[in-house]
Structure formats: structure tokens, C-alpha cells
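Below, read A as the first sequence line, B as the second, and so on, with proteins coming before strands; counting in each chain starts at 1.
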Protein chains: 2
Amino acid sequence: MANIKDIAEKAGVSVTTVSRVINNHPYVSEDKRNRVLKAMEALEYTRNIHAVHLSKGCSNMIGIVLPTVNLPYFAELIAGIADAAAESGIHLSLFQTNYDVQKEIFALSQLKQRQVDGLIFCSKAIADEKLMEWEGPILLCQNSDISRFPTISIPHQEAFRYGLDYLIAKGHKKIAICLARKKGMNSHFRIKAYKEALEEIGEVFREGWVMEKAITINDGKALFHKWKKWEEKPTAIFVANDQVSAGLLLEARAHKVKVPKELAILSVDNHEISQALGITTIDIQTKEMGKQAFAMLKKRIQGQSNERKVLDYRLIERSTV
Amino acid sequence: MANIKDIAEKAGVSVTTVSRVINNHPYVSEDKRNRVLKAMEALEYTRNIHAVHLSKGCSNMIGIVLPTVNLPYFAELIAGIADAAAESGIHLSLFQTNYDVQKEIFALSQLKQRQVDGLIFCSKAIADEKLMEWEGPILLCQNSDISRFPTISIPHQEAFRYGLDYLIAKGHKKIAICLARKKGMNSHFRIKAYKEALEEIGEVFREGWVMEKAITINDGKALFHKWKKWEEKPTAIFVANDQVSAGLLLEARAHKVKVPKELAILSVDNHEISQALGITTIDIQTKEMGKQAFAMLKKRIQGQSNERKVLDYRLIERSTV
DNA sequence: CTGAAAGCGCTTACAG
DNA sequence: CTGAAAGCGCTTACAG
């Protein structure tokens, strides 16, 4: 494999000049530029990117940390990040963690070793205090108490409250909620909103009506059967993700339970499946979040100070409430 | 940032020894090992991975080339690759191409520059002949005439034929098919199987009954309306992907068309949504394919010769045929 | 078990 | 516009 020195020799110039040509620097005479170009062609030169990285001290790559890509929410987030990254010519490295703290720490160690220039945490299991021990450009796709990191997020408390008020306005008082997992900032804020809303309408808070570990269509089906068995039934369930809502709705239909008459379903995401099934949901612009997350991390890598962005949401009325 | 030289000085040993300690080589005395370890701790040493890559000539990372991550088929494939890669401690780089040949070429150029040690093409737009101009470890998740590359694939012709025979056995003769895109090896073989099956039962081949550009749930909905408008209607549609089948089925139900009585639907994938909707489909082990693809590429990178694997498939009878 | 030294291949401040 | 030289930080064959 020819290297920059071979090219220099062949073209009769210095390696500096070759480097200038490769990087499109000005101040190279046409004559030398052409000779270099010709030599590169003749020797089938390909730049060794590792040497560039070592020399420049950066990798032109950022890491995406997420539990699994195999879930529409995260897939959409990645797609948004990928689009923006491609425009900037930045590479993407994937860290699938399955909410395993050790794997998140692995990703952080990769940042430290410069494998990547920055990290986007799409969702995390690691505690804020632990995360704070790490340095480098890290962006969180969720609200956080750590002001050291830029964040982009949905105002989950507000949005959830908005959804709850919508259900209440539609006459519901017995409302259950279903989250992906109780841990995590997003759920924290959602539960808070839930409690507040219940208090205002004089309903008691039932621990059992806060369900979790629901992510897939099958989880939604299971949710239906849980609901079916309850003595006292909520008239509405506010579900934090479209996949689960879809499973819930499909299973309800299969068992001739009328939606929304016997059971109302309000969802979050507005991904394709909710549209296909006519599920009333709250659009949270997942892809847009990915795009902006990338832009913010990029700025952070370039040394700008932390931003905190909050995205908008909106209710999409369809037929399940 | 402390480097290996700083550690060597502080510990009073050579850089060679430090390197040995870092890489867990044998033949280092306990005493020196401890001194090095202590020095590393004291100076908060982090290895610069770029130097390692430059020195070793590899990146410990492979690239995944696919049109979009935001589609269950590809997301599942990635998940499989990611699981296997994590076990081997290999990083994953994502190249989202949107079937843009230029972006595929970009990925290939990254392989050449050693940004990645190998490439998995989950699906491609670039022509075989063009691809052949590139060197390095490249694995294709599809059948190919190029014997220079290892491949892993489903026997699409056979599997499609199997599905068609199943439809025929169920009494269908007017069968349409719907593919993701007509270009590409997979479709090539499927259309071939389709023509053969039609010929055997004495049906004519209708160009218009081979539909394409169908990937999403919405595409499936559109497909229904196409079907609805046809004068002469097929009694069954064989759809190459679960998302499209789901859209087709949902829209059929919404318009009170009885499935399978008025319209039978046979699908391919066996992803969660087909299970949720009770769609009869052909399981093609997407995730397993990802796992094995990684293992094969890894072997190829290590210098072993090309393998060609063919995965099994099986029909999952549910309620749409 | 240990180390001096060559090698991986590029970038860039500096001097001209 | 141009080049010599230092620097990025590691690995590894070789000699001992």
C-alpha cells in the first residue's frame, strides 16, 4: 500500500505538499498539484484514516447508546441522527446496551479512548451521579439534573398531563397508565403528572394502575388480559408507546371489547402503526429529536457550551378515545 | 493526557513493558507489572485507540450497509449483528444509504481507508459488477453471482415457491404478488418462482399483478385500494413483508372485506406484527441471519475463505389464508 | 523477563 | 508557494 511518502517521492515534492493536496489546502502550485494527483492515481493511493485520526486527535465519529435498535422509537431516533450525521460526514457507531449499565460504561470508556468524539444517550440505565464521573461530549435525549450535559427532550410531565386532561375532558375518571419502565426520568415526570391529575379530580392513586415493562405489541396484548381480569376496571388507559397501544387495541377488538366505549386508549409516539390502527396519540417528533440531538452534540464537540432543548408535542385525535 | 511514555518513565520501565502490561502479555515480572499498573492509575492513563489502530492496521469495527434502520426487517437484522458483535468486542458502524448507490460507494471507500475492517451489505442498490471493483472483506445478505464474497441468504426462490404452492393448495389460482422493489436479487428469484408456479397451474403471467415499492404499513393500505379498484381481482396476494401485509389486512378489515374469504394474504418475515394480527407468514429468521452474517464476516476478516450459507424458512399458518 | 529502536502514516507550526 | 522536522501514541521483531 502506497503511503504519502511514496507519493511525495514519485511526484518529486515533499510530504507536506502531498498532504496539502489531499486536504485541498490552497497555496499549492497547479504544477505540483497535478503531479501529486497523478502520482496518487498511479500508485492507487488510499489514505490511512487511522493516521489521520491519531494526528488530528479525533475520530469523526459519534456513538449512539440505546437499549435496542429493534424498536420503532429507537429506530426512528437513529434514522434522524443518521440523516443529520450523513450531511456532516460524521460516522455513527452503535452501542446496543439492553439497559445493561456495564455496556453503557463500555460506551463511555470508548469515548474516553477516543473511539468516538461524542456520545448520544437515547435512553440510559446508569445513574446520573455515575454518569457525571465521565468526561467528554455527551448528549442526553431526556431531561436531567446534570447541567454538565446538553439535553434534548419532550416536556414529558406537561405532555402527559395534557393527555390526562384530555381523557378527563372526555369524561374519564378511572384512568390507568402504562409505562415502558418505572425507572428513568421520563417515567418519573409522567407519574408525577398522573398523581397531580388524579388529585385534582379527587381520585385516589392506585399503585397497581401504574403498569410498566411494556414495550412491544405483545406486551400490549398482555396488558389487555390484565385489564380484563381486574374487578374494578379503568375506563381508559394512557399508554406511553404506540406498540403497546397497538397490542392492547388489537386484543381488545379480538375479544369484542369496544374501544373507546368500554375502554379508551390514549397513546404516545405517533408512529406509523398508530395511524394505521386509528389510535389517538401524542406526537413527540422522534425523528426530529434525533436530528437536533446530532446537531447539538456536534456543537458541543466543537466546544460550544451546553444547550437544553425542549421539543413540542401535539395530540392527534383519532378513534380510540 | 498521559501516554505510554509517561507511564514508562513514572514506573521506571520501558514503553515495551508498559505495552505488555496493557495488553496482558505474559513475561512481565510481577514487580514491574505492579509498578506500571500503579503509574497508570496515578496518571489516569487512557490508551489512545487511534494509535493502536494505526499500529495494528485494523479498526476492530465493521460497517453495516442498509437502506434504512427504520424498518423492522433491517432493525432486526442489526439487532442480530449487534448481539454477535458485542460478544466479540467488535464495534459497529452504520451506513444508512437509502438505496443511494453513491452512499454505498462511500461505505466501500471507508472500508478501503480502513475506517472499518469489513462490511455487511444488508441490501444493496449497487450492481454486482460495480461491487466487484472493490476489495476487502464484504459479506452480502443475499444470494449473488459474485463468488468473491461470502453470502448468507434465504433460498428465496424456493421459499416463495413454497408459499405459492401453499396458496394453490388452498384453492387459489388468481394470485398477485407484492415485493419491496423489483430490482435486486431477492425479487429476481421470487418473480421466477412466481412465473413457474403460474405456468404449472396454467395461469397467465400478468405484469400488473407484480407490485413493488411496498415497504411500510401505509404501502399496504395503498395496496388494498389498488386491489379494490381492479376489475379482475386476485383471490390472494403474496406479500414479501409483514409491514405491508399488516397494512393490507387492516385496510381490508376496515372496508369489511373478509380475509381470507374474499382476499387471502400470505406474508414473509414473521415479525411481531404478523403474530399480533394473525397473519399467515413465512418465517425467515431475520435476527439469526444477522448473527450468522457477523460470524461469517469475522471469519472472512481473519483470512478464512468464503462461505455461502443458506438459511431455513418455515410457513407459520395463522388466519389470513 | 526486558528494552532500544524501527515502524504504522498522517498533520502542522515554523521558517523560508 | 514549499519543505524539513517534530509530533500524534502505540506495537512488535529482534537481540539480549
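- Atom CG of A:N48 is separated from atom C1' of C:dG7 by 13 Å (rounded to the nearest Å).
- Annotation: D:dC1 and D:dA5 have their P atoms spaced 24 Å apart (nearest Å).
- Between B:H50 and A:H53, the angle of the ring planes lies from 30° to 60°, which puts this pair in the tilted group.
- Taking atom NE2 of residue A:H53 and atom P of nucleotide D:dC10, one finds them 17 Å apart after rounding to whole Å.
- Taking the ring axis of B:Y27 as reference, the NZ or CZ atom of B:R20 does not stay both within 45° of it and closer than 6.0 Å to the ring centre.
- Between B:K10 and B:D6, no side-chain nitrogen of the basic residue sits less than 4.0 Å from a carboxylate oxygen of the acidic one, so the salt-bridge criterion is not met.
- In this structure, a donor-acceptor pair under 3.5 Å is absent between the side chains of B:S19 and B:T16.
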- prompt: For every nucleotide of nucleotides 11-16 of chain D, 5' to 3': is a protein heavy atom under 4.0 Å from its base (B), only from its sugar-phosphate (S), or from neither (-)?
  reply: BBB---

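- Applying a 4.0 Å cut-off to non-hydrogen atoms, the residues of residues 28-46 of chain B that approach DNA chain C are B:V28, B:S29, B:K32, listed by residue number.
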query: Given the rule that a pair is Watson-Crick or G-U wobble with both distances under 3.5 Å, how would you write DNA chain D in dot-bracket, using | for pairs to a different strand?
result: |||.||||||||.|||

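- Side-chain contact of B:T286 with B:H271: a donor-acceptor pair under 3.5 Å is present, judged by distance alone.
- For the pair A:M1 CE and C:dC8 P, the interatomic distance rounds to 13 Å; values are reported in whole Å.
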